[in-house]
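Working notes, structure below.
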There are 2 protein chains.
Amino acid sequence: MLNIRSNLTMSEAAELLEGAFRARNLVIIVGNCRVEYEGRASSTLEWGERVTVIKKDGSILVHRPTGYEPVNWQPPKCVIAVNQVDATVLITASRANPRETLTIEFKQISLTAFGSLSDTGEFALYVTEAQMKQAILAAPSLVEEGFKPLEEEKHVEDTGFTDIYGVDKTGFLVVIEIKRNAATKDAATQLYGYLEKIRTRVDRPVRGIVVAPDLRKSAQPVLQSMKIEFVKLDPEKCFKILKSTKDMKLSQFIS
Amino acid sequence: MLNIRSNLTMSEAAELLEGAFRARNLVIIVGNCRVEYEGRASSTLEWGERVTVIKKDGSILVHRPTGYEPVNWQPPKCVIAVNQVDATVLITASRANPRETLTIEFKQISLTAFGSLSDTGEFALYVTEAQMKQAILAAPSLVEEGFKPLEEEKHVEDTGFTDIYGVDKTGFLVVIEIKRNAATKDAATQLYGYLEKIRTRVDRPVRGIVVAPDLRKSAQPVLQSMKIEFVKLDPEKCFKILKSTKDMKLSQFIS
DNA sequence: ACGTCGATCTCGAAC
DNA sequence: GTTCGAGGTCGACGT
């Protein structure tokens, strides 16, 4: 249930918002405001009409009429306060760690809408880098015939993780770096770091393969000089394989 | 001026939104919806109450009741369409490059608010990396005594730009990489790329210095192995210097 | 158009 | 708590 008001006086707005924040409602305000921010950086935004959204977890967004990104904002866990100062409504949002404060001053408010939204719907994102990895583990031939993954993740001291670690059909070690998007040269340099570490520990050839849907032109010479191979793999193909393996698992249960 | 309606029927909503999009209004919708996204990745979001904002530049945000980030979105330049399908309102936002589509299906709408917002207020952000650079150019001793910047930017083939390029008091070349936040190892590797290029062209010693408010622990060994130096510099200090140089300039005009 | 890099990045996971 | 890497990153700037 939404409480909607338009063209309120500043004192009406201040009182209403006070109650909405106390009830931890989601709050939408459209009005003419000025914004100041002080924290990791500092900023000022002069008067103008914007959309402000304040959520129950203490996150805040101030949106101008254009652009995907909020002009000013605070991440969750802010403490919100409302004050009426003369003919303006002041909303302050403060948080510790890092210490920062966002201040929004309204001189005119066209709309306030607040209430408790009920949202339990599941969100699912398909074909992330992690899922491409699952697909390769489910169908190693996506990389090449005879490839056998060893451990899902092999920790390499000081340099993080490899994506997949395995052996090829001739017994050479294979280290695979997966990228969901076209591989840039830092994919290569990252992988090269792993390879160097591993080669000091292991007494047999180690191949490095970048697996990605595409290869940036600038990355090509880098790969070549580092003797790192490239295997093309589209996320869509991974999705199909994941779907089919899921179906297989399901059919095993059914049968 | 804002057109505000609450608890509309789906056909009312479809008609109103149609007009709002044609007029390139900013549109706010609160209601129970389902969302699908298909493009660089794919996602589905099941039924739930959310806040949707659609801007005149074709950017879209779908916000759940918690979290700073939109659960689904589109950057500017989308083509928006509304359709009534049975008892639901369908909003589709498509863009090319990359080819992707966002579909929002409403089965209940608590609020629509739309109109043209007037926002010309200036936005100013203080102490960006660019401003730290300005501060160093204004006060080179921030880096070290006797440092002289040469050109503001020195293009290095294929690798982008250095931040500052200069000479130290002994005549050695100095290449500086500025970071606004604690320097990570990629600051070092980035700078190392520049240095390698320059060293093939120049016949005298070239020093590399990372200037940042802090240095991540993991970056320290990388810097050491690359023989890159670190100079601590806080954005706040840069801000003070910029302010004082501005004051100086101002006082020059005044006097 | 593509590539590179900064960001009040945010977010999550690992240590 | 800090550190580190990923992101449908976005956005800006240069080629």
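As the structure is a prediction and not an experimental result, all values here were calculated from the model. Lettering of chains follows the sequences in order, A, B, ..., and the numbering in each one begins at 1.
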P gap between C:dT8 and C:dT4, integer Å: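 It works out to 22 Å between them.
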
Pairwise P distance for D:dG8 and D:dC4, with rounding to whole Å: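 Those two atoms are separated by 22 Å.
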
Please state how far atom [atom1] in [X] lies from atom [atom2] in [N], giving the value in whole angstrom units.
X	N	atom1	atom2	answer
A:D186	D:dG7	CG	P	13 Å
A:I178	D:dG7	CD1	P	11 Å
B:K77	C:dA1	NZ	C1'	12 Å
B:L191	C:dG6	CG	P	12 Å

On the nucleotide [N], are OP1 or OP2 found under 4.0 Å from the side-chain N or O atoms that [X] carries?
X	N	result
B:K179	C:dG6	yes
B:W73	D:dC10	yes
B:S218	D:dC4	yes

Proximity to the side chain of A:P76 - top-ranked nucleotide from D:dT2, C:dG6, C:dC11: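 The listed nucleotide nearest to A:P76's side chain is C:dC11.
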
Of the listed nucleotides C:dG6, C:dC9, D:dC10, the one nearest the side chain of B:N181: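 Comparing C:dG6, C:dC9, D:dC10 against the side chain of B:N181, the answer is C:dC9.
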
Touch class at under 4.0 angstrom, heavy-atom based, for B:P235 against every strand present: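 Counting heavy atoms under 4.0 Å across all strands, no contact is made by B:P235.
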
Centroid distance under 5.5 Å and plane angle under 30°, A:Y37 vs C:dT8: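 Per 5.5 Å and 30° rule: yes, stacked.
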
